[in-house]
Amino acid sequence: MTGETANLYTAFVARCANLDKTFIETQDGRRIRYREAFDLAGQIANVLKDKGVRPLDRVAVQVEKSAEALILYLACLRIGAIYLPLNTAYTLSELDYFINDAEPRVVVCAPGSHDGIQSLMTRLSGASVLTLGTQGDGSLMLLAQTAPTHIDAAPCRPDDIAAILYTSGTTGRSKGAMLTHRNLRSNAETLAATWCFTAGDVLLHALPLFHTHGLFVATNIILTTGASMILMPEFDPSVIRERLPEATVMMGVPTFYTRLLQEDWLDAKTVAHMRLFVSGSAPLLADTHREWSERTGHAILERYGMTETNMITSNPYSGSRIPGTVGTALPGIEVIVTDPQTGAVLPNGEVGVVEVRGPNVFKGYWRMPEKTEAELRSNGFFITGDLGRLDDNGVLSIVGRGKDLVITGGYNVYPKEVETQIDEIDGVVESAVIGVQHPDFGEGVTAIVVKAAASNLSESAIVKALDNRLAKFKLPKRIIFVDELPRNTMGKVLKDALRVQYKSIYTSG
């Protein structure tokens, strides 16, 4: 990857063998060919350039999902700008931090957000706010209509930053992960080969575009192979049923699959034409994996990755996909498990911190050299903060986040181990185990449980069922029943929110 070919946009164009092929089909049936998408990317790129955007300038984007929003990403790559997608749920006060930190040259937002965001941009000299709606409306598209389609692709270097994705900030200030053209290209090409994508594939795309999964996994793979996608604004089981016959692949978060399993129409016949179902962004329950296989005849392919690394491991495309595991390291990527205190590599079977090295690993955190130095070792390994174990075949199982580790009475308890046992109890839908401050044990193992509507499970019944499955110190001190677990937009359980909500259950009264 040298010279102009290091630009990810250039690589996408070079891999598109048929410019007249459909790139995007929208939910309302509009078809956008590759030729049209690249032309529109050129027009948008010219608008951005006219607004003063130069290579490595940031373009922050907070818009609802649409074909034009996706093509805006291509436009940024084309001129070497740094694409900075922002969660559509962020409030103005949250956006103030991101805008102040990233100092974007342009912010593209929904038409209704213009005035609020404009007020945040006054401190940035020469910066602009453009709007983009879901129907191709807004000031950006109005300007693009009269802009030329041609613009030379910026001659990016492999380590030039292509995008910044901010982490959730659950343990402090959000950190901007700097992802390079090499990071994104290498991972897209590896995944496309590993999962056997071809130009004949059609992806059912119901994921957000502000997250690694929907943008850098789903979208980049399609662009890398010249395949097609059906772009849905959001996940809707009724629309999935309608459009599924046209697709060959679906990527989703675990909640996609649990919701589809509630649909009467889902069976082996309705998905017989499908080639692949992929799940990620949050752990897939082993029960969900098994039930999906029984209902459809398809084994969901679970993979593992994160904002800073793109995808790290994958269950095999051909071969056994083991429920509760995330597979082996992708080609060209190294995964080790280390001691949290010493950093020494642990033997297979022992739980430790997952570390990863490879061309997928990010460049560092935007304007946070201390955080970068703390999490990126000098030998190139990134400390993920996830706890996991490798078996003798190199298959990785994720036990939980390091910060989710519960230390009770001096003993370490890995939440995933307890959750797995609770989830196997009849009448339990799912669970989340957290540590809560306890006057005697430091932290008390606490289980938040969703039970089936018809279940009469009690706290004592669950503890009794666990009694012979877990060591005494791992047993929950309290079990709290809730209707549902709090989740973020990608389906991850918000354990920080649970810890705050139940922080006083052992200390009050």
Side-chain angles (χ1 to χ4, degrees), residues 1-3 5-8 11 56 82 156-167 171-172 174-194 212-213 215-217 220 224 280 303-314 326-348 350-391 393-399 401-403:
M1 259 188 287
T2 58
T5 59
N7 187 319
L8 182 58
L56 301 183
I82 298 174
C156 303
R157 296 169 299 182
D159 286 332
D160 282 344
I161 305 166
I164 294 175
L165 263 64
Y166 278 92
T167 60
T171 57
S174 291
K175 299 173 290 188
M178 300 183 291
L179 296 159
T180 68
H181 288 261
R182 176 194 279 123
N183 293 155
L184 300 182
R185 180 175 175 180
S186 68
N187 209 235
E189 291 176 352
T190 297
L191 291 172
T194 300
T212 299
H213 195 170
L215 191 63
F216 298 146
V217 179
N220 283 359
T224 295
R303 86 299 180 278
Y304 163 62
M306 57 198 312
T307 301
E308 292 92 339
T309 62
N310 296 292
M311 297 305 103
I312 301 169
T313 69
S314 172
V326 291
T328 58
L330 290 163
I333 295 172
E334 300 170 77
V335 173
I336 57 175
V337 173
T338 62
D339 183 282
Q341 275 73 48
T342 66
V345 178
L346 294 173
N348 291 339
E350 291 195 20
V351 172
V353 178
V354 178
E355 299 190 22
V356 56
R357 179 168 65 184
N360 58 311
V361 174
F362 75 139
K363 192 171 185 175
Y365 293 112
W366 174 258
R367 293 178 174 172
M368 288 187 173
E370 298 85 3
K371 288 284 188 184
T372 300
E373 186 176 353
E375 297 184 29
L376 265 177
R377 297 191 188 276
S378 58
N379 63 4
F381 274 97
F382 170 62
I383 306 167
T384 67
D386 286 331
L387 298 172
R389 67 167 69 87
L390 287 166
D391 71 10
N393 296 315
V395 176
L396 179 67
S397 298
I398 300 298
V399 174
R401 287 291 292 172
K403 65 186 180 66

Quick one: pull up [atom1] in [X] and [atom2] in [Y] and give me the separation to the nearest 0.5 Å.
{"X": "L191", "Y": "N310", "atom1": "CG", "atom2": "CG", "answer": "8.0 Å"}
{"X": "L346", "Y": "D339", "atom1": "CG", "atom2": "CG", "answer": "5.5 Å"}
{"X": "L8", "Y": "D160", "atom1": "CG", "atom2": "CG", "answer": "12.0 Å"}
{"X": "L387", "Y": "R401", "atom1": "CG", "atom2": "CZ", "answer": "8.5 Å"}
{"X": "T307", "Y": "F216", "atom1": "OG1", "atom2": "CZ", "answer": "9.5 Å"}
{"X": "L330", "Y": "M311", "atom1": "CG", "atom2": "CE", "answer": "9.0 Å"}

- Query: Is any side-chain N of the basic residue among E375 and K371 closer than 4.0 Å to the acidic one's carboxylate O?
  - Reply: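 Salt bridge flag = no for K371 with E375.
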- Only counting residues at least two apart or in another chain, list the ones meeting salt bridge (charged side-chain N to carboxylate O under 4.0 Å, His left out) with D159.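 Salt bridge (charged side-chain N to carboxylate O under 4.0 Å, His left out) list for D159, sorted by chain: R182.
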- Message: Test of understanding: with salt bridge (charged side-chain N to carboxylate O under 4.0 Å, His left out), list the residues that count as partners of E355, not counting sequence neighbours.
- Response: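 For E355 the salt bridge (charged side-chain N to carboxylate O under 4.0 Å, His left out) partners, ignoring immediate neighbours, are R377.
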Minimum heavy-atom separation for [X] to [Y], with atom names?
{"X": "P359", "Y": "G332", "result": "CD-O, 3.4 Å"}
{"X": "A162", "Y": "L184", "result": "CB-CD1, 3.9 Å"}
{"X": "T224", "Y": "A192", "result": "CG2-CB, 4.4 Å"}
{"X": "S174", "Y": "M368", "result": "O-CE, 3.7 Å"}
{"X": "C156", "Y": "A6", "result": "O-CB, 3.0 Å"}
{"X": "G385", "Y": "V353", "result": "N-CG1, 4.0 Å"}

- Message: Which residues pass the side-chain hydrogen bond (donor to acceptor under 3.5 Å, both in side chains) test with R357, not counting sequence neighbours?
- Response: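 If we apply the side-chain hydrogen bond (donor to acceptor under 3.5 Å, both in side chains) test to R357, skipping adjacent residues, the hits are E334.
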Is there side-chain contact between [X] and [Y], with at least one heavy-atom pair below 4.5 Å?
{"X": "N7", "Y": "H181", "result": "yes"}
{"X": "D386", "Y": "Y304", "result": "yes"}
{"X": "L56", "Y": "I82", "result": "yes"}

- Please say which of I398, T328, I333, V335 ends up in a side-chain contact (heavy atoms from CB on, under 4.5 Å) with T313. V335
- Query: Counting only heavy atoms not in E350, do more than 12 fall under 6.0 Å of its CD?
  - Reply: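 Above 12, so yes.
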- Message: Under the criterion side chain to side chain contact (heavy atoms under 4.5 Å, CB included), I'd like the reasoning laid out for F382 against I312: C-alpha separation, chi angles, the key distance, then a yes or no.
- Response: CA-CA 11 Å; F382 170 62; I312 301 169; over 6 Å; no
- Query: How far apart are the C-alpha atoms of L390 and N348, what are their side-chain angles, what is the distance that settles it, and do they pass the side chain to side chain contact (heavy atoms under 4.5 Å, CB included) test?
  - Reply: CA-CA 5 Å; L390 287 166; N348 291 339; 3.9 Å; yes
- Any chance you could lay out the side-chain hydrogen bond (donor to acceptor under 3.5 Å, both in side chains) test for T180 and N183, step after step, and finish with the verdict? CA-CA 5 Å; T180 68; N183 293 155; 3.1 Å; yes
- Would you check if the side chain of T167 reaches a backbone N or O of K175 as a donor-acceptor pair within less than 3.5 Å? yes
- Message: Please check this pair: side chain of N379 against backbone of F381, looking for a donor-acceptor N/O pair closer than 3.5 Å.
- Response: yes
- Message: Does E370 form a side-chain hydrogen bond (donor to acceptor under 3.5 Å, both in side chains) with Y365? I'd like the steps, not just the answer.
- Response: CA-CA 9 Å; E370 298 85 3; Y365 293 112; over 6 Å; no
